[in-house]
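Data first, discussion second: the structure below is written as structure tokens.
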Amino acid sequence: MPGSPSAAAAPSPSPASTRPVRVPDLRALKERGERLVMLTAYDGVTARIFDEQGVDLLLVGDSIGDNMLGHRNTIPVTVDEMVVATRSVARATKRALVVADLPFGSYEASPAQAHATSVRLLKEGGANAVKLEGGRHVTEQVRLLTRSGIPVVGHLGLTPQAENILGGKRVQGRGEDAADALLADAVALADAGAVALVLEMVPAPLAARVTARLAIPTIGIGAGAGCDGQVLVWLDMAGMADWAPRFSRRFGEVGVALAEATRAYGAAVRNGSFPGPEHTYGE
Ligand code: KIV
């Protein structure tokens with residue numbers, strides 16, 4: 001109950017405050033040792049819920065491809081699809097920083113291509129920042145976007161858009177050479193202006209090493225507890241998916257709840273108990 005002693009003692013769902021999360025807050029939170037909470041969102045219905053519960057960053061991930069659009073992976077996702085999803089998330093969000101993925105084929109060829117795509121995601125989609133995959137080969141993109149006032153989140157380790165080269169979803173950065181290369185990529189992205197870095201499926205000691213080396217926050221997914229924050233695909237987090245990766249945890253059984261509600265609705269329609277008089281308009 002608002003105002004009751006127990007409500008006053010309860011921790012706020014929004015650890016910093018209810019004011020919008022801004023890019024400079026990311027470093028400040030890292031400096032204060034406060035962990036960043038990031039979740040994917042692909043539409044306004046879920047974005048509103050996650051935002052109200054104090055999620056700091058909402059990622060309109062290109063994982064929309066395999067999680068919502070029925071693709072096998074992220075490769076077929078288009079910029080137009082990302083713009084629509086980003087707009088829906090941004091319109092429903094009051095506090096979280098909205099980060100939109102640059103989909104495969106929309107930024108790798110040149111800084112100018114990355115700029116054109118990012119401008120669409122900010123102007124038409126309402127994103128606050130963009131995320132792109134890759135290390136030293138995309139630092140010119142990061143530099144131009146940063147100079148243009150577009151905050152960039154990097155993404156290293158397993159980069160799903162490169163799954164055809166990587167040969168599937170495998171842990172990255174194992175072994176001394178691979179670890180050194182990933183650290184060099186991370187430093188190059190930060191030097192180019194990246195404001196945060198997602199580390200996906202990276203050995204925990206390497207993720208902790210990268211985290212200690214960078215002033216910008218790292219956000220892990222399958223990268224252990226030594227990162228400055230965590231991100232999950234919301235369907236994995238909420239128990240909506242039939243399968244989830246080993247690094248994920250089901251924090252609820254939303255899929256089961258939805259199935260039960262659907263079954264109850266169907267039964268009520270079939271047995272005539274819905275709609276009842278209370279759902280019915282008179283003359
Ligand atoms: O698209 C996505 O959901 C992502 C996360 C897995 C980090 O990039």
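These numbers come from the heavy atoms of this one structure, side chains and all, not from hydrogens, waters or symmetry mates. Residues take their numbers from the sequence shown, with the count starting at 1. Start at 1 and go down the list; that is how both ligands and their atoms are numbered.
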Leu97 and side-chain contact (heavy atoms from CB on, under 4.5 Å): which single residue from Leu58, Leu26, Val153 fits?
Leu26

Less than 4.0 Å between a side-chain N and a carboxylate O, is that true for Arg35 and Asp56?
no

Could you list each nitrogen or oxygen of ligand 1 that sits under 3.5 Å from a protein nitrogen or oxygen, with the atom names and the distance?
residue, atom, partner, partner atom, Å
ligand 1, 1 (O), Asp62, N, 3.3
ligand 1, 1 (O), Asp62, OD1, 3.0
ligand 1, 1 (O), Ser63, N, 3.1
ligand 1, 1 (O), Ser63, OG, 3.2
ligand 1, 1 (O), Asp101, OD2, 3.1
ligand 1, 3 (O), Ser63, OG, 2.5
ligand 1, 8 (O), Lys131, NZ, 2.9

Which of Ile64, Ile75, Val79, Thr78 passes side-chain contact (heavy atoms from CB on, under 4.5 Å) with Pro103? It is Val79

Could you tell me whether Arg19 and Asp25 have a side-chain N and a carboxylate O separated by less than 4.0 Å?
yes

Contacts satisfying salt bridge (Lys or Arg N to Asp or Glu O under 4.0 Å) that involve residues 163-176 (not counting sequence neighbours) are Glu163-Lys169

Just by distance, no angles: are the side chains of Ser273 and Asn271 close enough, under 3.5 Å, to form a donor-acceptor pair?
yes

